[in-house]
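Read the structure below first, then the notes.
Only a predicted model underlies this, so the values are computations on that prediction, with no experimental measurement involved. Just so you know, residue 1 is the first one in the sequence shown, and it goes up from there.
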Amino acid sequence: MSSLMINLFLAGFAYIILIYFVAAMTKNSLRKGKGNSDDGDGGVENLSPPKIDLPPGVIWPSDSPRERKPEPVDF
């Protein structure tokens with residue numbers, strides 16, 4: 001066997017061993033955190049949207065007047 005074949009065999013064997021260990025570690029970490037819905041950043045949740053300062057004359061659609069009277073059209 002040439003040295004190239006031996007090197008390819010050893011590199012392939014090392015690759016298989018490495019992939020096995022990575023898969024085993026990943027499987028264990030996924031199993032531990034399965035029932036935990038915590039995203040880990042902590043703090044107090046604030047679900048209200050931020051107040052954005054709009055330019056003059058621009059309003060949010062939710063702040064628009066509810067009753068709109070149609071303007072009369074002259075023919």
Side-chain angles (χ1 to χ4, degrees):
M1 247 184 175
S2 71
S3 63
L4 176 65
M5 293 303 289
I6 294 172
N7 285 340
L8 287 175
F9 175 73
L10 290 176
F13 185 69
Y15 180 75
I16 290 171
I17 300 270
L18 181 70
I19 294 299
Y20 172 75
F21 283 121
V22 168
M25 284 187 257
T26 304
K27 188 168 79 171
N28 287 338
S29 68
L30 290 177
R31 192 178 300 152
K32 287 179 187 174
K34 191 173 189 178
N36 192 1
S37 64
D38 185 22
D39 58 359
D41 37 333
V44 179
E45 282 190 39
N46 186 6
L47 300 177
S48 63
K51 268 300 201 198
I52 299 175
D53 189 24
L54 297 174
V58 177
I59 61 171
W60 290 104
S62 60
D63 295 338
S64 66
R66 299 288 178 208
E67 292 183 25
R68 290 193 176 193
K69 295 179 182 175
E71 296 181 15
V73 179
D74 293 332
F75 288 107

remark   = One should read off an interatomic distance between Leu8 CG and Ser2 OG, to the nearest 0.5 angstrom, of 8.0 Å

message = Which Ile, Leu, Val, Met, Phe, Trp or Tyr residues join Ile59 in one cluster when any pair of side-chain heavy atoms under 4.5 Å counts as a link?
response = none

inquiry  = Other members of the hydrophobic cluster containing Tyr15, with the 4.5 Å side-chain heavy-atom rule, please.
reply    = Ile19

key: side chain to side chain donor-acceptor pair (under 3.5 Å) against Ser48, all qualifying residues, sequence neighbours excluded   = Asn46

key: With Ile16 via side chain to side chain contact (heavy atoms under 4.5 Å, CB included) - residues at least two apart   = none

ask   = What residues join Val58 in its hydrophobic cluster, counting side-chain heavy atom gaps under 4.5 Å, either direct or through other members?
value = Ile52, Leu54, Trp60

key: Partners meeting side chain to side chain contact (heavy atoms under 4.5 Å, CB included) with Phe13 (sequence neighbours left out)   = Ile17

